[in-house]
Amino acid sequence: MSDAAATAGKDFIRTIITEDLAGGQHTEIVTRFPPEPNGYLHIGHVMSICLNFGVAEEFGGRCYLRFDDTNPLKEDQDFVDSIKADVEWLGFDWADRLTYASDYFEDFHACVVQLIEAGKAYVDSLSAEAIREHRGSLTEPGRNSPYRDRAVDENQDLFRRMRAGEFDDGAHVVRAKIDMAAPNLNLRDPTLYRIRKVGHQRTGDAWNIYPMYDLAHTISDALEGVTHSLCTLEFEDHRPLYEWILDNLDLPARPRQIEFSRMNVAFGITSKRKLAALIGAGFVGGWDDPRMPTVAGMRRRGYTPGALRRFVRSVGVTKKDKIIEMSALENAVREDLNEHAPRVLAVLNPLKLVLLNYPEGQAEQLTAANHPHRPELGTRELPFARELFIERDDFMEDPPRKFFRLRPGGEVRLRYGYIIKCVAVVRTDDGVVSEVHCTYDPDTRSGGPAAGRKVKGTIHWVAAEASHEVEVRLFDRLFLVANPDGNRDGGDYRDHLNEASLRVTTHCRVEPSLIGAQAGAVFQFERQGYFIVDTVDSVPGRPVFNRTVTLRDTWAKLERAELARIQ
RNA sequence: UGGGGCGUAGCCAAGUGGUAAGGCAACGGGUUUUGAUCCCGUGUACCGCAGGUUCGAAUCCUGCCGCCCCAGCCA
């Protein structure tokens with residue numbers, strides 16, 4: 001168990017489960033994660049996955065991965081595959097508990113036959129519009145359908161013929177007979193089955209009718225022996241219907257539905273429809289675009305399962321609407337990556353640096369640690385030479401106060417190498433600095449006689465010859481406002497798109513050890529951030545890097561504060 | 001104006017009658033050949049508001065206010 005898990009405390013759901021176990025209501029806990037295969041999993045789903053699989057793990061129970069495939073119009077096998085891959089990647093194991101609501105189509109059908117027999121369900125032949133009119137409104141009760149009191153035999157016959165495909169879509173529907181005046185709209189004779197003469201990705205042409213969510217979900221839970229059916233707040237209103245179904249059918253178990261609030265992360269959206277629209281409009285490259293809040297996107301971005309699980313754990317489970325600040329997610333990512341990512345030297349925006357007193361043609365290898373706190377991760381050799389590249393941002397001709405990187409006449413240490421002093425600047429015709437000339441102090445090499453000499457700053461570098469040019473992609477938030485989904489002022493989420501969310505740089509320079517990096521490998525580019533070798537666009541010998549997240553940057557913060565002060 | 005939920009610091013979140021944990025953020029400081037990491041330290045949160053019960057209430061009662069969800073043959 002991680003530290004985060006240990007300090008997270010118990011949420012109300014785990015408290016209920018603990019009590020149910022202690023009180024003998026259950027001897028084993030069974031949960032399920034029931035996605036509809038109609039889109040990619042996103043950060044919000046991660047919460048539900050971690051809760052359901054996590055609870056099963058912690059209490060020694062079982063968790064089903066069940067696809068809620070009751071609407072063949074919207075669902076697709078591709079999504080099934082991506083969801084399985086995502087859950088697995090997050091580190092959860094459903095073992096032999098991979099199921100589909102469609103596995104139970106025959107059971108749902110039998111249940112409805114049973115309800116009809118008991119006079120608790122009927123075939124309605126009103127049109128969809130008429131049913132809507134009869135439903136009433138939030139403040140007015142509904143009216144009974146003229147078909148509500150059809151004879152049991154007629155209902156059975158009609159339902160049989162619906163299944164047989166004798167009617168067109170929309171001709172009939174079967175409804176639960178509950179109460180058209182119920183204040184809870186879900187109880188105003190909810191639809192249980194509808195005709196849809198379309199093939200299903202798993203059952204083919206076997207069915208002409210398909211069950212609705214409430215029926216399918218409740219019965220599936222019961223058939224699988226689910227003890228705690230955990231879902232999000234918007235289903236709270238459905239609980240009375242969930243219980244009505246349980247009460248009126250002869251089922252092998254009685255699950256309890258418990259609702260918790262969804263998790264939203266600021267500056268993002270999780271609506272599948274809107275995410276799909278971003279792809280459709282070409283604003284992002286696909287479901288796995290590293291800027292997407294999808295599991296696939298975050299994976300490609302370099303977020304790790306450990307980071308995501310840590311994050312979810314730190315947020316907690318409650319019933320309060322929440323929008324978590326990005327910093328909380330980034331903190332979890334940094335915590336995880338800091339521990340695991342090997343350090344490496346790379347220059348994002350190169351500026352040529354020449355060591356005037358370093359012998360022409362000389363070259364040497366400097367030893368660098370792969371991780372500052374984990375010596376067992378070893379060291380590597382860094383080629384050093386007369387001509388180097390440093391980060392353009394690490395040199396300023398006329399720096400502000402407290403800038404302790406390189407400046408004319410100033411000294412700085414080259415990471416793992418020597419202390420150097422800037423003696424001259426070369427510029428192009430239009431005045432931009434093209435080269436920095438320095439001298440180095442041979443005694444200050446790491447491990448050398450004057451290695452202990454203190455200078456204010458240390459900067460990273462790469463040898464000019466013995467380094468490689470690579471493409472690096474820098475990402476920023478997709479939206480400019482914290483709650484783009486909220487459209488408080490009638491605005492649309494599309495009005496808030498961050499046009500600068502992707503920056504591609506092709507002239508970055510990395511140390512030679514990186515050239516053979518495997519796709520998916522993660523590194524810390526010292527002083528800059530964490531990067532992953534892109535799994536889609538990298539080719540052997542030519543890695544493309546995605547920046548997962550920057551390092552914390554107190555200098556940038558100082559600069560911003562200073563800027564704010566001046567203005 | 002029907003029903004269902006929720007309201008503890010900027011964002012999360014403990015707490016369930018005995019006088020407000022923790023994390024993130026922010027702000028100081030120490031260590032540091034990553035301005036990273038690590039380590040210290042800093043918050044009067046009128047516990048949505050107003051009444052009430054009680055020796056004592058974030059916790060119990062009443063009223064009010066604010067926010068979210070529901071009128072798919074979607075899930």
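In the text below, chain A, chain B and the rest are named by the order of the sequence lines, each starting its count at 1. Below, all heavy atoms of this structure are taken into account, side chains as well, without hydrogens, waters or symmetry copies.
The side chain of T191(A) approaches C73(B) more closely than any other nucleotide in the set U33(B), C73(B), G4(B). With U34(B), A75(B), G3(B) as the candidates, the nucleotide lying closest to the side chain of R343(A) is U34(B). Counting only heavy atoms from C-beta on, I131(A) has its side chain closest to C73(B) among C70(B), C73(B), A36(B). Comparing atom distances between the E236(A) side chain and each of C73(B), U34(B), G4(B) picks out G4(B) as nearest. With distances taken from any side-chain atom of R135(A) to the nucleotides A75(B), A71(B), U1(B), the minimum falls on A71(B). Counting only heavy atoms from C-beta on, H373(A) has its side chain closest to U37(B) among A25(B), U37(B), G3(B). Listed candidates were C24(B), U33(B), U34(B). Nearest to the side chain of Q524(A) is U34(B). With G5(B), A75(B), C12(B) as the candidates, the nucleotide lying closest to the side chain of V315(A) is C12(B). Ranking C70(B), C74(B), A36(B) by closeness to the M212(A) side chain, first place goes to C74(B).
No side-chain donor-acceptor contact under 3.5 Å links D86(A) and Y40(A). Side chains of Q528(A) and E526(A): a donor-acceptor N/O pair is absent below 3.5 angstrom, by distance only. Side-chain N/O atoms of D321(A) and S261(A) include no donor and acceptor closer than 3.5 Å.
Between R196(A) and C74(B) there is a side-chain polar atom (N or O) within less than 4.0 angstrom of OP1 or OP2. In this structure, R194(A) reaches the A75(B) phosphate: one of its side-chain N or O atoms is under 4.0 Å from OP1 or OP2. Residue T70(A) has a polar side-chain atom (N or O) positioned under 4.0 Å from OP1 or OP2 of A75(B). One finds no side-chain N or O of T139(A) lying less than 4.0 angstrom from the OP1 or OP2 phosphate oxygen of G2(B). Note on R273(A): every side-chain N or O is 4.0 Å or more away from OP1 and OP2 of C74(B). Look at R132(A) and you'll find a side-chain N or O under 4.0 angstrom from OP1 or OP2 of G72(B). Here K320(A) does not reach the OP1 or OP2 of G5(B): none of its side-chain N or O atoms lies under 4.0 Å away. Contact check, K557(A) against C27(B): a side-chain N or O comes under 4.0 Å of OP1 or OP2.
Figure legend: cation-pi geometry between R509(A) and F389(A) absent, as NZ or CZ is not positioned both under 6.0 Å from the six-membered ring centre and within 45° of its axis. W207(A) carries R163(A) over the face of its six-membered ring, with the cationic atom under 6.0 Å from the centre and within 45° of the normal. For the pair R196(A) and Y210(A), the cation-pi criterion (under 6.0 Å, within 45° of the ring axis) is not fulfilled.
Looking at heavy-atom distances under 4.0 Å, E140(A) makes no contact with the nucleic acid at all. L126(A) comes within contact range of at least one nucleobase, with a heavy-atom separation under 4.0 Å. No engagement by Y193(A) is indicated, since no non-hydrogen atom pair under 4.0 Å with the nucleic acid exists. Nucleic acid contact class of A216(A) (heavy atoms, under 4.0 Å, all strands): none. Note on H238(A): a base of the nucleic acid sits closer than 4.0 angstrom, heavy atoms only. Among the heavy atoms of the strands lying under 4.0 Å from D321(A) are primed sugar atoms or P, OP1, OP2 only; no base atom is included. Using a 4.0 Å heavy-atom cutoff across all strands shown, I323(A) reaches sugar-phosphate atoms only and no base atom. Using a 4.0 Å heavy-atom cutoff across all strands shown, K74(A) reaches at least one base atom of the nucleic acid. Contact annotation for Y210(A): no contact, since no heavy-atom pair falls under 4.0 Å across all strands.
Nucleotides G10(B) and C27(B) place their C1' atoms 13 Å apart, quoted to the nearest Å. With both ends at atom P, the span from G18(B) to U1(B) equals 36 Å, rounded to whole Å. Taking the C1' atom of each, C46(B) and U19(B) are spaced 15 Å apart, rounded to whole Å.
Of the residues L215(A), L187(A), N184(A), T218(A), the one that meets the side-chain contact (heavy atoms from CB on, under 4.5 Å) test with L241(A) is L187(A).
Nucleotide G41(B) forms a Watson-Crick or G-U wobble pair with C27(B), both donor-acceptor distances falling under 3.5 Å. In this structure U16(B) sits in no base pair that meets the Watson-Crick or G-U test at under 3.5 Å. Of all nucleotides present, none satisfies the Watson-Crick or G-U wobble test against A75(B) with each distance under 3.5 Å. A 3.5 Å limit on both hydrogen-bonding distances identifies G5(B) as the Watson-Crick or G-U partner of C67(B). Base pairing of C46(B): no nucleotide in any strand meets the Watson-Crick or G-U wobble criterion (both distances under 3.5 Å).
Map R445(A) and T318(A) each onto its nearest nucleotide of RNA chain B; the residue landing nearer the 5' end is T318(A). When each of S137(A) and K322(A) is assigned the nucleotide of RNA chain B bearing its nearest heavy atom, the one mapping closer to the 5' terminus is K322(A).
Side-chain atoms of N184(A) and base atoms of G4(B) include no donor and acceptor less than 3.5 Å apart.
Aromatic pair F159(A)/Y193(A): centroids less than 6.0 angstrom apart.
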